[in-house]
Protein chains: 2
Amino acid sequence: MTQQPASRSRRERPAKPALSREWIISTTIDIMLSEGLDKATMRRVAQSLDTGPASLYVYIANTAELHSAVLDELIGTLIVSSSGSWSERLERLLDEYRELLFTYPGLAKSALAIRPSGPHSLIFIDSLLGLLLEGGMESARAAWAVDLLMLYVTANAAEHSVPAASDIEAPVDRESTWTTLSTAIGNADPAVAPRVAAHGPALLGGTPAQRWTWAIGTLIAGAAIVPVPPAAKA
Amino acid sequence: MTQQPASRSRRERPAKPALSREWIISTTIDIMLSEGLDKATMRRVAQSLDTGPASLYVYIANTAELHSAVLDELIGTLIVSSSGSWSERLERLLDEYRELLFTYPGLAKSALAIRPSGPHSLIFIDSLLGLLLEGGMESARAAWAVDLLMLYVTANAAEHSVPAASDIEAPVDRESTWTTLSTAIGNADPAVAPRVAAHGPALLGGTPAQRWTWAIGTLIAGAAIVPVPPAAKA
DNA sequence: ACCTGAACACCGTTCAAGT
DNA sequence: ACCTGAACACCGTTCAAGT
């Protein structure tokens with residue numbers, strides 16, 4: 001339980017080790033890394049463990065729980081940097097989380113469905129909360145802001161990790177999705193969507209990094225000025 | 001194309017009408033309404049249309065495109081109210097969108113993956129943009145704010161529409177997910193997650209409606225004060 | 001040209017039967 | 001008690017063959 005974080009690369013596979021929750025989770029992470037979340041199915045994981053899928057159900061309730069456990073494990077690898085202002089450390093931590101979700105394509109989508117809730121996630125939430133409190137944010141607002149920030153990071157990653165499957169056979173699709181949206185905006189009929197037609201470039205402008213920084217800044221600045229309804233406070 | 005919005009309830013089924021993109025989409029909506037997005041599969045839709053799944057591929061490229069088309073169709077039913085301040089109208093419009101995504105469980109998750117981009121979505125984006133501009137927001141910021149607002153609404157809905165499948169056999173699961181998170185927060189060890197332990201009630205406090213209103217307000221207020229990098233402007 | 005039966009290559013989950 | 005083979009009930013997508 002409190003051993004070191006699951007090593008994510010073990011080349012030597014000691015001939016059929018005993019099945020266990022930990023072993024199943026780390027095998028799942030291996031598969032996710034090399035083949036994507038889509039391939040990290042009960043069947044595929046079982047195959048990697050030289051057994052049938054039914055065996056996994058002794059340790060894990062269902063696919064959602066497996067993915068949830070994997071996410072918690074990975075969140076355990078994030079660390080709060082110790083230098084810089086609270087806002088720098090906060091942005092860096094969120095950036096690490098974003099990167100994590102980008103590294104494991106498809107995991108973000110799971111994260112939305114399952115709400116990180118394991119022991120490692122609790123520590124992560126604690127860190128975010130601590131940084132906002134350090135920044136002087138009122139406690140009730142900081143709590144809600146943590147939620148909002150995590151939701152944004154997850155949604156942002158989920159949106160950018162679209163393909164997940166079929167990236168071997170149809171790498172075109174990702175591009176064409178983008179193209180569809182931007183040409184739709186570019187070609188917007190001023191009679192039907194006048195503001196989009198007029199402000200098209202602004203809608204599409206900026207680098208992903210610029211938009212990310214702006215969004216995080218916006219969330220924090222907004223949370224700092226919008227009060228939480230008094231009744232909702234502890 | 002510019003007929004009335006796809007009627008979502010047609011009890012009389014004129015014996016095997018000709019297959020068409022429109023007919024496929026409206027049938028999919030029917031199924032989604034009555035059985036959830038999970039059941040709106042190519043196979044199930046084909047079955048409702050008295051044909052094999054292969055036939056759908058004449059009109060629709062794949063499942064993602066089908067869901068994308070459905071979402072655009074539904075977004076076409078949203079209307080901007082004509083009374084009230086810009087911010088009241090904005091919040092009402094976003095609320096309609098949120099409600100739409102809640103009504104069709106699972107659709108929100110699709111919306112994240114596919115980025116609403118059809119003709120109806122373009123008009124919706126145009127309305128949001130118009131309201132922010134009316135509120136005096138600078139154009140580049142308003143454009144990015146539209147993105148952020150839509151992302152939040154979608155993510156929020158995706159998070160709350162968890163079960164989607166298996167809601168007949170395991171209605172317990174939704175409850176237990178919540179319970180898991182709140183008990184985890186409630187029982188947080190002060191030694192390992194001191195801030196969570198101390199501010200637990202704040203993390204869990206407020207009604208969904210309060211949190212929703214606060215979040216939307218936070219996003220708009222934040223966008224109004226955080227400037228977009230000059231290089232990113234049109 | 002338009003449509004589709006049948007097949008291919010997968011899924012998650014359960015449960016009776018084995019050790 | 002613990003584990004699992006085999007089955008159940010599904011998927012998306014393709015393609016050769018029919019009309």
Side-chain angles (χ1 to χ4, degrees), chain A residues 15-25 27-28 31-32 34-70 106 109-110 113-114 162-173 176-177, chain B residues 15-25 27-28 31-32 35-70 106 109-110 113-114 162-173 176:
Chain A
K16 195 149 206 202
L19 225 49
S20 72
R21 194 165 210 278
E22 283 71 23
W23 187 248
I24 291 171
I25 291 172
T27 302
T28 307
I31 294 172
M32 206 178 320
S34 54
E35 304 175 43
L37 184 77
D38 287 20
K39 301 292 175 187
T41 63
M42 295 299 257
R43 290 181 108 102
R44 180 72 185 68
V45 171
Q47 183 196 300
S48 266
L49 291 164
D50 275 316
T51 184
S55 306
L56 305 186
Y57 287 84
V58 176
Y59 304 95
I60 273 134
N62 50 48
T63 307
E65 202 213 298
L66 176 60
H67 289 171
S68 173
V70 162
K109 236 163 293 174
S110 287
I114 59 198
V162 181
S166 63
D167 47 14
I168 300 132
E169 300 187 51
V172 193
D173 224 33
S176 80
T177 300
Chain B
K16 197 153 207 204
L19 224 50
S20 71
R21 194 164 209 278
E22 283 72 25
W23 189 248
I24 292 170
I25 292 172
T27 301
T28 308
I31 295 172
M32 207 178 320
E35 304 174 44
L37 184 77
D38 287 20
K39 300 292 176 186
T41 64
M42 295 299 256
R43 289 181 110 100
R44 180 71 185 71
V45 171
Q47 183 197 299
S48 267
L49 291 164
D50 275 317
T51 183
S55 306
L56 305 186
Y57 286 84
V58 176
Y59 304 95
I60 274 134
N62 50 49
T63 307
E65 202 213 298
L66 176 59
H67 289 172
S68 173
V70 162
K109 238 165 291 174
S110 287
I114 60 198
V162 180
S166 63
D167 46 13
I168 301 132
E169 299 186 52
V172 193
D173 223 33
S176 81

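All chains are named by letter (A, B, ...) in the order of the sequence lines, taking the proteins before the strands, and each is independently numbered beginning at 1.
Side-chain proximity of B/V58 to the nucleotides D/dT13, C/dC3, C/dT13 is greatest for C/dC3. Listed nucleotides: C/dG12, C/dT4, D/dC3. Nearest to the side chain of A/S55: D/dC3. Nearest nucleotide to the side chain of A/A54, out of C/dG5, D/dC11, D/dA6: D/dA6. The side chain of B/R43 sits closest to D/dG12 out of C/dG12, C/dC11, D/dG12. Here the side chain of B/T41 is nearest to one of D/dG12, C/dC11, D/dC3, namely D/dG12.
In this model, the phosphate group of D/dC11 is not approached by any side-chain N or O of B/T63 to a distance below 4.0 Å at OP1 or OP2.
Under the Watson-Crick or G-U wobble criterion, with both distances below 3.5 Å, D/dC3 is left unpaired in every strand shown. Remark: D/dC8 base-pairs with C/dG12; criterion is Watson-Crick or G-U wobble with both hydrogen-bond distances under 3.5 Å.
Rounded to whole Å, the P atom of D/dA9 lies 24 Å from the corresponding atom of C/dA9.
Nucleotide D/dA16 holds its P atom 17 Å from the OH atom of B/Y57, rounded to whole Å. Atom C1' of nucleotide C/dG12 and atom CD of A/Q47 are separated by 16 Å, given to the nearest angstrom.
Taking each heavy atom of B/A46 and B/L56 in turn, the nearest pair found is N-CD1, 3.9 Å. Contact record, B/T63 with B/M42: OG1-CG, 3.5 Å, taken as the closest heavy-atom pair.
Using a 4.5 Å heavy-atom cutoff, the side chains of B/L37 and B/V70 are not in contact. Side-chain contact check for A/V58 versus A/L19: every heavy-atom pair is 4.5 Å or farther apart.
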